[in-house]
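Quick caveat, the model's predicted, so the values are computed rather than measured. Below, read A as the first sequence line, B as the second, and so on, with proteins coming before strands; counting in each chain starts at 1.
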Amino acid sequence: MDSALLVDRLHFAFTVTFHYLFPQLTMGLAPLIVVLKSLAIWKKDENYNAAARFWAKIFGINFVLGVVTGIPMEFQFGTNWSHFSRLAGGVIGQTLAMEGMFAFFLESAFLGLFLYGEKRLCQRAHWATAVAVFLGSWLSGYFIIATDAWMQHPVGYMRAADGSFQLTSFWQLVLNPWAGWQYAHNMSGAVVTGSFVMASIGAFYLLSRKHVEHGRMFVRVGVIAACIACIFQLFPTGDQQGRMVANHQPVTLAGMEALFQGQPGAPLVIIGQPNVQERRIDNPIILPKMLSFLTYRRWNANVQGLDQFPQEVWPENIPLLYYSYHIMVGLGTIFIAVMVISVLLLWRRKLYDSRAMLWVLLLSLPFPYIANTAGWMTAEIGRQPWLIYGLMMTREGYSPRVSAGNGLFTLLGFMGMYTVLGILFLFLVRREIEQGPVWLAEKVEPLRRVAAAD
Amino acid sequence: METLWFVIVALMLATYVVLDGFDIGAGIIYLIVGRTPAERKAVLHTIGPVWDGNEVWLLAAGGTLYFAFPLLYASSFSGFYLPLMMVLWLLMLRAIGIELRNHVPSLVWQGFFDVVFSLASALLAIFFGAALGNVIRGVPLAADGYFFEPLWTNWRVGAQNGILDWYTVLTGIVALVALTTHGALYVIRKTEPPISTRARRVTLVIWPVLLVVTLLSLAATMYARPQLLDNYHAYPLGLLVPFVVAAALGMILHGALAQKERLAFAGSTLYLAAMLVGAAFALYPNVLPASTDAAYSLTIYNTAAAHYGLTIGIIWWILGMILALGYFFFVYRMFRGKVKLEAEGEGY
């Protein structure tokens, strides 16, 4: 592998992985904040307003980190992947530019009002700014997914004589069928992160016997939202996403499952280590015929294996692809179990006193981040060796004039910068959690406004 | 169609410079006009609710550039690799300087981020000016449409130039001085004494410098790239631009002396807009001239995307613009008026 190519790939992988730690929480928290804000107005209960304000603070810190780590993403298409941009910019530039025009303007305009304008606005108008921020962040997500979906499953284009891709159908690009399920899967993944974080911090308050009233509220809202999102994550969105991969990228599916030999009645590997040299799975624990059933709804359906494709179109790193996919699916299954049990306990009014379950909720905090990251790694490593699936190889897309040395210089710079950002972020969020919502309510003090206004 | 998108991208970039220019400028003079923690907080209040929205214009302009002129985006972003990455780092430092400062009520924490914010603002102004200088002077493009510039070579304007030479350093200084003026006039409008008094003093000191570097840059441009005068010969209407710049400079001075805040700020806005329009007018239809061989220059014609995409883009661009202007109008109306020193309590 040419080393400039390697550096450019690491550059994008590192910056995008770090970046997505933040938007997944903002996109996941945004609808939950709208829920809290709505409950405050509907029930005329100031506790919900204090909660919304507390999460808005966490949201705000996250948002700043998301913005500052997001700007390099848009730049890197040009700086490190100039040949790809030159050829595909006429198509994916559309969705990226629309993100700026439709999502960023909306988000940035109303975020300031939402975070700092509560005193200047009436409660209903403040609720409307929360909705606007929610719409902006979810719209932003759609345009990014539509961009990625085009790279996974190109539609609505033609190839010009000079090799560049030209848009032929705007609506095919924007309504790419791949984007629909990928978006649903991705956004409910974000809600999983947001609701797990909310439940986890609620559990922390209950276990440490601080802010108990809000601790219960966070556990309640978090657990219910997480339960819905986790199930939606498996069915229908995860299931449909898997079938799309099976139909359009069968070699990717074979790589994800490390299915070296295509066969009817293919088994599903639960645990095991792919051994690419020997073309087999070491130490496998399998469910017979399950893969055929899940993919085609027939126990004896034929699933194509890696042996049915030329090796040059195999995903380059099959073990990493396999592990990413299995970590995502494994964690997703555990999430469903945890949240179904939590909801049952909540329904039986036992959750707030079940210290064991609260401990599980508290310690679950990092795992949605891991699952979301693993999911994106599955999508992007699974697309390799293609940059645009079936049309343009990754090794054809990087910047021809940017040397490996210059690329490494900025990669190291980003690593240093992001280490500092990560430490600052943890420090600030810890402070907010320490202070908690009640303290905040006392500090800002327009608590009785709802009652007074209505 | 290509010309229309050229105008659109130029206008969006000019809007970015005018809007983010005043909050960058406020950052440059931040440590000078705000002496006490309360005063500094008041200066941050003036830009707090709007700076992020202003910066979105850079992203929106970048995205529009990407889809309308893919080759220009690809070539310039990879060619200006190192300075662009540094711009990114500066944007990050500036953003966390503004946003994280007020989260911790500690003099050490706030003092640190004050300096980070102000220094990053000043360096950004210089970088943006130098970037524009590079585009005007031309870059060593090869036949395949790509180039790569090291940060500096021999500091001379020649065929194998670096990002920095005497000319681009000069344009960097022009940008620094111009944005300082613009920011000071914004701070005057949005604050009360003693902050506004100090900002007025800054304006009166910096104005003669602005006049001198503007004239110098004009002379230097004619020396470094005389071809830029061609468009002015061909379309004498363009000669209005220097007059507008002169009038804008007059407005700034008169406004600052006679304490007409709005007039002075309108003057610096007009100055920035006119300088950028003048540069865009002179470049057209080139977008990135080659210092190697004029035949390699990137123009709006050899870098544009296909017609269907450009046509469909007009539709959603107009729609998006109407929406964006609506939000901006609303937000600026909500946060209009002067920021008072004792305005505590809210995030800003």
Residues L424(A), F113(B); criterion side chain to side chain contact (heavy atoms under 4.5 Å, CB included); working and verdict:
CA-CA 12 Å; L424(A) 283 174; F113(B) 282 112; 4.0 Å; yes
If you apply the rule side chain to side chain contact (heavy atoms under 4.5 Å, CB included), what do you find for S399(A) with Y81(B), and how did you get there?
CA-CA 10 Å; S399(A) 300; Y81(B) 185 81; over 6 Å; no
Steps toward side chain to side chain contact (heavy atoms under 4.5 Å, CB included) verdict (H83(A), Y146(B))
CA-CA 9 Å; H83(A) 210 63; Y146(B) 289 120; 2.8 Å; yes
Verdict with supporting geometry, V56(B) and S108(A), side chain to side chain contact (heavy atoms under 4.5 Å, CB included)
CA-CA 8 Å; V56(B) 169; S108(A) 67; 3.6 Å; yes
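Distance check, rounded to the nearest 0.5 Å: CG of D162(A) to CG of N302(B) gives 11.0 Å. Atoms CG and CD1, on L100(B) and I61(A) in that order, are 7.5 Å from each other to the nearest 0.5 Å. Atom CG in D8(A) sits 10.0 Å away from atom OG in S78(B) (nearest 0.5 Å). Atom-to-atom distance recorded for W317(B):CH2 and F102(A):CZ is 11.0 Å, nearest 0.5 angstrom.
The nearest pair of heavy atoms linking G93(A) to F67(B) is C-CB, 3.1 Å. A pairwise comparison of heavy atoms in M85(B) and H11(A) identifies CE-CE1, 3.9 Å as the closest pair. Across M92(B) and P72(A), no two heavy atoms sit closer than the pair CE-CG, 3.4 Å. S85(A) and Y66(B) get closest at one heavy-atom pair: OG-OH, 3.1 Å. Between G413(A) and W89(B), the closest heavy-atom pair is CA-CZ2, 3.7 Å. What you find for L59(B) and E74(A) is that their closest heavy atoms are O-OE2, 3.1 Å.
Of the atoms belonging to S164(A), not a single heavy atom falls under 4.5 Å from chain B. For I71(A), the parts sitting under 4.5 Å from any heavy atom of chain B are the backbone and the side chain alike. If you measure heavy-atom distances from Y418(A) to chain B, the contacts under 4.5 Å come from the side chain alone. Residue L65(B) does not touch chain A at all, counting heavy-atom pairs closer than 4.5 Å. Only the side chain of F330(B) comes within contact range of chain A, with heavy atoms under 4.5 Å apart. In this structure, the portions of V402(A) lying under 4.5 Å from any heavy atom of chain B include both its backbone and its side chain. With a threshold of 4.5 angstrom between heavy atoms, L88(B) approaches chain A through side-chain atoms but not through N, CA, C or O. Looking at M86(B), only its side chain comes within 4.5 Å of chain A, counting heavy atoms on both sides. Both the backbone and the side chain of M98(A) have a heavy atom closer than 4.5 Å to some heavy atom of chain B. Neither the backbone nor the side chain of V420(A) comes within contact range of chain B; no heavy atoms are under 4.5 Å apart.
Between W81(A) and F77(B), a ring centre-to-centre spacing not shorter than 6.0 Å is recorded.
Counting heavy-atom pairs under 4.5 Å between each of T168(A), V67(A), V64(A) and chain B puts T168(A) at the top. Counting heavy-atom pairs closer than 4.5 Å to chain A, the top-ranked of the candidates G326(B), G320(B), A74(B) is A74(B). The greatest number of non-hydrogen atom pairs below 4.5 Å with chain B, out of S82(A), G100(A), G407(A), is found for S82(A). Chain B forms the most heavy-atom pairs under 4.5 Å with one residue out of V91(A), L428(A), L96(A), and that residue is L428(A). Most heavy-atom pairs under 4.5 Å with chain B: of the set G112(A), A97(A), G70(A), A109(A), this distinction falls to A97(A). Chosen from A132(A), S169(A), A88(A), G60(A), the residue pairing most often with chain B at heavy-atom distances under 4.5 Å is S169(A).
The number of heavy-atom neighbours closer than 6.0 Å to CG of L107(B), taken from other residues, nucleotides and ligands shown, is 12 or below. Taking a 6.0 Å sphere around CZ of F148(B), one finds it holds more than 12 heavy atoms contributed by other residues, nucleotides or ligands. The environment of CZ in F329(B) is sparse: at most 12 heavy-atom neighbours from other residues, nucleotides or ligands sit within 6.0 Å.
The shortest distance between side-chain heavy atoms of Y308(B) and Q166(A) does not fall below 4.5 Å. Residues L323(B) and L106(A) are not in side-chain contact: their nearest non-hydrogen atoms beyond the backbone lie 4.5 Å or more apart. Proximity of V104(B) to F427(A): side-chain heavy atoms (C-beta onward) are separated by under 4.5 Å at one or more points. No side-chain heavy atom of V68(A) sits under 4.5 Å from any side-chain heavy atom of L91(B).
Along residues 136-143 of chain A, no residue comes nearer than 4.5 angstrom to chain B, judged on non-hydrogen atoms.
Counting only distance, with no hydrogens or angles, the side chain of R86(A) and the backbone of T303(B) share no donor-acceptor pair below 3.5 Å. Under the 3.5 Å distance criterion, the side-chain polar atoms of Q94(A) are matched with a main-chain donor or acceptor of G309(B).
With sequence neighbours left out, the ring-ring contact (aromatic ring centres under 6.0 Å, His included) criterion links F425(A) to F22(A).
Of the charged side-chain nitrogens involved, at least one lies within less than 4.0 Å of a carboxylate oxygen, so that D144(B) and R401(A) count as a salt-bridged pair.
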